[in-house]
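These values consider heavy atoms only, across backbone and side chains, with no hydrogens, waters or symmetry-generated copies. Counting convention: from 1, in listed order, for ligands and their atoms alike. Residue numbers run from 1 in the order of the sequence given.
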Amino acid sequence: MEIIIKPDASAAQEEAARIIARQIQNKPDCVLGLATGATPVGVYAWLVAQHQKGRLDFSRARTFNLDEYVGLGPDHPQSYREFMRLHLFSKVNLRSENIHFPDGLTADIPAHCAEYEEAIRRTGGIEVQLLGIGSEGHIGFNEPSSSLASRTRIKTLTPKTAADNAKFFGGADKVPHHVITMGVGTIMEARECLLVALGAGKAEAVAGMAEGPITADLPASVLQMHPRCKLIVDEAAAAKLRRSEYYRWVYDNKPAWQRV
Ligand code: GLP
């Protein structure tokens, strides 16, 4: 895992955005895995700004989002589909038929999840997967105890995740209990993973995922097994990493050909 420590949130978000932009420029019909939450907002803002300057064309790119709340339709203000519309889809030239999302209103969740997996497979697979991390180490909505081989399926949120997301719903009791999420195994099949973590509230999960044991108790730790994973953090999220000085040295001395 490459661990990149940036001075602040916007520098970390820009680092991730540059990698995604390079992917779109190198392969205009690339398949991107997208994430929601506060963390990627700045990533999308940077990509939108590049698009508005005429430097980034999304017309052939294809996207798959990680997760959605069960029971929320695409027009619900708290749905992840609406989040993506607000921050990215309405501001770039992605074609609607190239945008893929778990359907929170599906009548048959297992069949829908199997179709979602099949749709990813049909495109040839996700090339760059953007990820955030939950304060207890989830990726997508793969809560602690998720099978590290899991595929897209229904999950039940932990009380901690419901509390973390309560601000968007006006109370933890209003947060849906169930979600549809790509599985850990699904995420691990992406050719490249970019996990961005910002702020002191993520420091423990970040240290655990990068330097702790690989365990379903902290699902993001499985990314230690991913052959191409970058962990991009700000100083606050890096605060509990034991080897942070080494990671900085590696980054500062990276060969020119490895830089974005
Ligand atoms: C949600 C999402 C995750 C996200 C996490 C962290 O639970 N399902 O994909 O990484 O929240 O969110 P934030 O970036 O707001 O801290």
Side-chain angles (χ1 to χ4, degrees), residues 6 8-10 12-13 15-17 20 32-46 63-72 76 78-84 86-88 100-102 104 113 116 126 128-146 150 152-169 172 174-184 186-188 190 193-206 208-210 218-223 229-234 236-239:
K6 288 286 176 178
D8 55 36
S10 69
Q13 290 164 324
E15 179 86 9
I20 295 170
L32 301 171
L34 301 178
T36 49
T39 308
V41 168
V43 177
Y44 298 139
W46 194 91
T63 68
F64 287 87
N65 261 80
L66 281 168
D67 45 14
E68 182 58 283
Y69 291 104
V70 170
L72 304 195
H76 190 286
Q78 262 67 53
S79 72
Y80 281 161
R81 185 72 165 77
E82 172 61 11
F83 172 97
M84 290 304 301
L86 211 60
H87 293 285
L88 187 70
H100 303 86
F101 234 97
C113 292
Y116 202 64
I126 292 169
V128 178
Q129 175 67 58
L130 180 62
L131 296 164
I133 187 168
S135 54
E136 292 189 306
H138 71 215
I139 43 176
F141 265 135
N142 292 284
E143 298 285 36
S145 82
S146 288
S150 51
T152 304
R153 70 212 183 293
I154 189 170
K155 283 297 290 180
T156 307
L157 297 183
T158 64
K160 179 72 169 79
T161 300
D164 287 349
N165 291 339
K167 54 183 179 289
F168 303 113
F169 288 87
K174 300 199 177 69
V175 179
H177 294 174
H178 293 111
V179 293
I180 295 173
T181 180
M182 275 189 209
V184 181
T186 318
I187 293 168
M188 285 293 283
C193 287
L194 302 178
L195 191 149
V196 183
L198 308 172
K202 301 292 172 69
E204 199 159 327
V206 162
M209 76 151 284
L218 203 163
S221 63
V222 75
L223 290 165
C229 174
K230 287 186 170 71
L231 166 62
I232 306 172
V233 292
D234 64 2

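Using a 4.0 angstrom heavy-atom cutoff, G140 counts as in contact with ligand 1.
The backbone N or O of F168 lies less than 3.5 Å from a partner atom in the side chain of Q78, making a donor-acceptor pair. Looking at Q13, its side chain does come within 3.5 Å of a backbone N or O of T39 through a donor-acceptor pair. Between the side chain of Q129 and the main chain of A190, no donor-acceptor pair closer than 3.5 Å is present.
Below 30°, between 30° and 60°, or above 60°: for H138 and F141 the angle between ring planes is above 60°, a perpendicular geometry.
The pair E15-K6 counts as a salt bridge, with a side-chain nitrogen and a carboxylate oxygen less than 4.0 angstrom apart.
Near Y80, with a cut-off below 4.0 Å to any heavy atom, the atoms of ligand 1 are 1 (C), 2 (C), 8 (N). Each of the following atoms of ligand 1 lies closer than 4.0 Å to a heavy atom of G132: 10 (O). Residue contact check: T39 has heavy atoms under 4.0 Å from atoms 13 (P), 14 (O), 16 (O) of ligand 1.
Y69 and F169 have their aromatic ring centers within a separation under 6.0 angstrom.
Distances from atom 11 (O) of ligand 1 to the heavy atoms of H138, E68, E136, M182 put H138 nearest.
The protein atom (non-hydrogen) at minimum distance from atom 4 (C) of ligand 1 is T36 O, 3.8 Å. Scanning all protein heavy atoms for the shortest distance to atom 12 (O) of ligand 1 gives G37 CA, 4.0 Å. Summary of contacts: the protein heavy atom closest to atom 16 (O) of ligand 1 is K202 NZ, 2.5 Å.
Contacts of A38 with ligand 1, taken as heavy-atom pairs under 4.0 Å, involve both backbone and side chain. Residue contacts with ligand 1 for I133 involve N, CA, C or O but no side-chain atom from C-beta outward (heavy atoms, distance under 4.0 Å).
Checking only distances, D67 does come within under 3.5 Å of ligand 1, N or O to N or O. Here's the thing with L131: none of its N/O atoms is less than 3.5 angstrom from an N/O atom of ligand 1.
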Check the pair S146, R153 against side-chain hydrogen bond (donor to acceptor under 3.5 Å, both in side chains), reporting the backbone distance first and the verdict last. CA-CA 11 Å; S146 288; R153 70 212 183 293; 3.3 Å; yes
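In this structure, L130 and Y44 have side chains that are in contact, with non-hydrogen atoms separated by less than 4.5 Å.
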